[in-house]
Amino acid sequence: MDVYLPIAEVSQNIIVLLGLGAGIGFLSGVFGVGGGFLLTPLLILIGVPPAVAVASSANQLVGASVSGVLAHWRRGHVDFKMGFTLLLGGIAGSIGGVWLFTLFARLGQIELVISLCYVVLLGVLGFMMGIESIRTFLRQRRPGGARRRLHRHTWMHGLPLKTRYRKSQLYISALLPVGLGFAVGVLSAVMGIGGGFLMVPAMIYTLGMPTSMVPGTSLLQIIFVAANVTILQAFTNHTVDAVLAMLLLVGGVIGAQFGTRFGTRLRGEQLRFLLALLVLIVAAKLARDLTLHPADLFAIQTDTKV
Amino acid sequence: VTPRRLAVALLGPLAFLPTPVRADALIADLSSHSIAITTGFTGASMVLFGATDGPADVVAVVRGPERDVTIWRKDKIAGIWANEESVTFADMPSFYAVAASRPLGDILSPASAALYKIGAGNLKFEPRSSVAPDRVRLFADALVETEKRAGMFSPSQEKIAFLGDRLFRATINFPANIPTGAYLVEIFLIRDKDVVGGQTTPLIVSKVGVDAAVFDFAHGQSLAYGTIAVVMAVMAGWLASLPFRNT
C-alpha cells in the first residue's frame, strides 16, 4: 500500500516506512543513539529527497527520543542536570550548524561534506570503541591482569566552573559538557542527525560518565537538539514532512521500547562492541561510495527558490 | 501562473506556424484537464483523443512547469568523487513526454522537430552563465539522461493509435512523483515531414485534500508547522511508552 508524502512529494510504501521506523527505533533503544545516521541515508536510498530526509529524520528523532528517555527515566538512568548542561552548548551549536549547512548547500558540496563527516567520525569512533571494548573483555578474562587506574588527572580537570553531577558521580567543570554539546550540535545540524553516536562515546570516554547513565541522558539532550533542528528546517527550508515523520514514529516508538529492554540485558562492553561494529559498517559503506567510480557522474540539483 | 503567461504559453507554439492553418484541421482534447494528487496517489493515466481532417500523422508533447535546473558533474579529487563543475539551465520543463503516431524520425524533419521543440534533445538549453558550447552539449545530454532515469522525461515515445484515417487516441502516463503546477499539452498535425496544424490544451496537476492542506500550512505558517510537528512527535513518543510503564 502506497502513501503520498505531501512535503517530499513522492509516494512510498507504508509497510517499508513503518518497518524502517521500527528497526531504527530498536537500535535507538539499545544504544541510546538516535539512529539518524542510519535513517537519513536509508530514506535517501528509497527515494526521499535528501533535504526532506534530513529534516524529517530530525522530526522523528524527537518522538523516538521522548519514548526512549521515559523508558530510561523509569529505571532512574537519566542525569537531568548533565543533560541540560549539554543542551546549553547543543542549541548554540545547532544554530551555527544550520548556517553552515545552508552555506555548503549553496556551494553544491553539502552531500560531500556530509559523507566525509560520516566517514571520518564514524571511522575513528568505531575503531576506538572496538579496541576499548575488546581490551575490557580481555582484561576480565585475566583476573590477575593490570587494573585500570581509578582516576587519571588531565588538563580537563583544571578548568573552572566545577560542578557536581550527583547521578553520574562526577565533579567536573561545566565547560566540558557545554563544549561537547556545542561540537555535537554543529555536527548534528550539518549531518542532519541527533548526534547520539558522537555523544555516547564522548560521554563515556571524555566525561567519564557511568555507562548505565549514558543512553538516557544522551537521548534527553537529543530531544531538544532535534526539536530545534526540526523547527529551524521547517522555518528556513520547508523540508519537514510531518506525515513521513509520524509514520516512521509509529514503527519507531514501539521498536525503541523493545530496544531499551534488550539493551539493559547486555553488558556495557558488549553494548560498546556491537555499536562499534555497526558504526564501522556504515563508515566502510560510505567510504566505498566516495572512492568508487560513481554509476552516474552527473546529478541534478533543482533550484526551487529563485 | 498569471493569466497572461498562461495565454502566451498556450498560444506561443501556434505563432510559429508557417502557413495559415484551418482551425478545424485538428481537434484534440484530454479525458481530464486536472490531476489530483491525493494521499493514495501512485501516478495517473490520461487519454488524449481527437480527430484530423484526413490522413496525417499526429505528435503530442506534454511539458511540466518550467524551472531552473543545475546539473553537477563529479570528478575525482584526491581520490574522492566530488561535485566539481556545474551548469545551470534556465526554464527547463520539470516533466517532458512525447507521443507520436509513428517514430519521430520517420514523420518529421529535424528542422521542424527543432523549431517546435519536439523530442527531449530539441529542448532549448540556455545556460544561466557563459559556458563553452561543447560543455553545454555535454551537460544538456546528461540532464536529459538523468531526467529520463528519474522518470521525469519519458524514456520512449508513447504510441498514438489511429482508428481509421481520422480519429486518434493515446494514453499518457504520469509517474507518482510528478511535480505540481500548470502543464501544457501540445498536439501537432504533421504532413510531408512538416507541422501543418496544432492545438494546445492545459493540464493542471495539484495536491488536494489533506495533503494540500499540509503543504500549504508548511509553506504559509512554517514556524507554527514546525512547532506542531515537534509537539506531535513528543505526544507520539509519550503515548507509545505508556503500555510499557509498569513492566
Side-chain angles (χ1 to χ4, degrees), chain A residues 1-7 9-11 47 59-71 74 108-109 111-112 116 223 226-227 230-236 238 240-243 245-246 249-250 253-254 256-257 261 289-294 296-304 306, chain B residues 37-43 67-76 79-83 86 88 94 139 142-143 145-147 149-150 176-180 207 210-215 218-219 222-223 225-230 232-245 247:
Chain A
M1 195 186 117
D2 282 7
V3 61
Y4 182 80
L5 306 169
I7 305 297
E9 305 190 289
V10 290
S11 286
N59 192 9
Q60 95 91 25
L61 284 182
V62 176
S65 309
V66 166
S67 173
V69 166
L70 289 172
R74 286 187 198 110
Q109 302 297 348
E111 278 169 48
L112 176 69
L116 280 179
I223 295 176
T230 304
I231 292 173
L232 282 177
Q233 291 280 20
F235 187 63
T236 54
H238 309 294
V240 176
D241 197 312
V243 175
M246 288 308 135
L249 261 179
V250 170
V253 285
I254 297 166
Q257 293 295 336
R261 290 164 176 219
D289 291 349
L290 278 178
T291 50
L292 272 188
H293 192 289
D296 192 4
L297 283 178
F298 292 92
I300 283 180
Q301 172 196 351
T302 308
D303 297 343
T304 45
V306 182
Chain B
I37 299 182
T38 56
T39 305
F41 187 71
T42 54
R67 75 269 189 274
D68 285 7
V69 171
T70 301
I71 180 144
W72 285 90
R73 195 176 71 88
K74 286 193 176 68
D75 213 335
K76 202 162 194 175
I80 284 165
W81 291 93
N83 281 340
S86 74
T88 302
S94 48
F139 277 80
L143 172 74
E145 271 313 301
T146 312
E147 291 280 33
R149 228 169 302 136
N177 52 345
I178 47 168
T180 55
K207 296 185 173 80
V210 181
D211 295 303
V214 171
F215 185 85
H219 284 257
S222 50
L223 199 59
Y225 172 83
T227 311
I228 289 174
V230 167
M232 275 168 63
V234 170
M235 294 287 288
W238 173 69
L239 277 175
S241 72
L242 285 184
F244 298 86
R245 189 165 40 185
T247 53

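Here is the naming used below: chain letters follow the sequence lines, and residue numbers restart at 1 for every chain.
With hydrogens and angles ignored, the 3.5 Å screen pairs a side-chain donor or acceptor of A:Ser65 with a backbone N or O of A:Leu61. Distance alone, capped at 3.5 Å, places no donor-acceptor pair between the B:Ser86 side chain and the B:Ile71 backbone. A donor-acceptor pair under 3.5 Å is absent between the side-chain atoms of A:His238 and the main chain of B:Ser222, judged by distance alone. A distance-only check finds a donor-acceptor pair linking the side chain of B:Tyr225 to the backbone of A:Ala242 [under 3.5 Å].
Heavy atoms of B:Thr38 lying under 4.5 Å from chain A belong exclusively to its backbone. When heavy atoms are compared at a cutoff of 4.5 Å, A:Leu232 does not approach chain B at all. Using a 4.5 Å cut-off between heavy atoms, B:Thr42 touches chain A through backbone and side chain atoms alike. For a residue to count as touching a neighbouring chain, one of its non-hydrogen atoms must lie under 4.5 Å from one of that chain's; by this rule B:Ile228 does not touch chain A.
Comparing B:Gly43, B:Ala213, B:Ala229 by how many heavy-atom pairs each has under 4.5 Å with chain A, the most go to B:Ala229. Heavy-atom pairs under 4.5 Å with chain B were tallied for A:Val243, A:Val250, A:Val66; the largest tally goes to A:Val66. Chain B forms the most heavy-atom pairs under 4.5 Å with one residue out of A:Leu249, A:Leu70, A:Thr230, and that residue is A:Leu70.
When all heavy atoms are compared, the tightest approach of A:Ala245 to A:Asn59 is CB-ND2, 3.3 Å. Annotation for B:Phe215 and A:Pro6: closest pair CD1-O, 3.5 Å, computed over non-hydrogen atoms.
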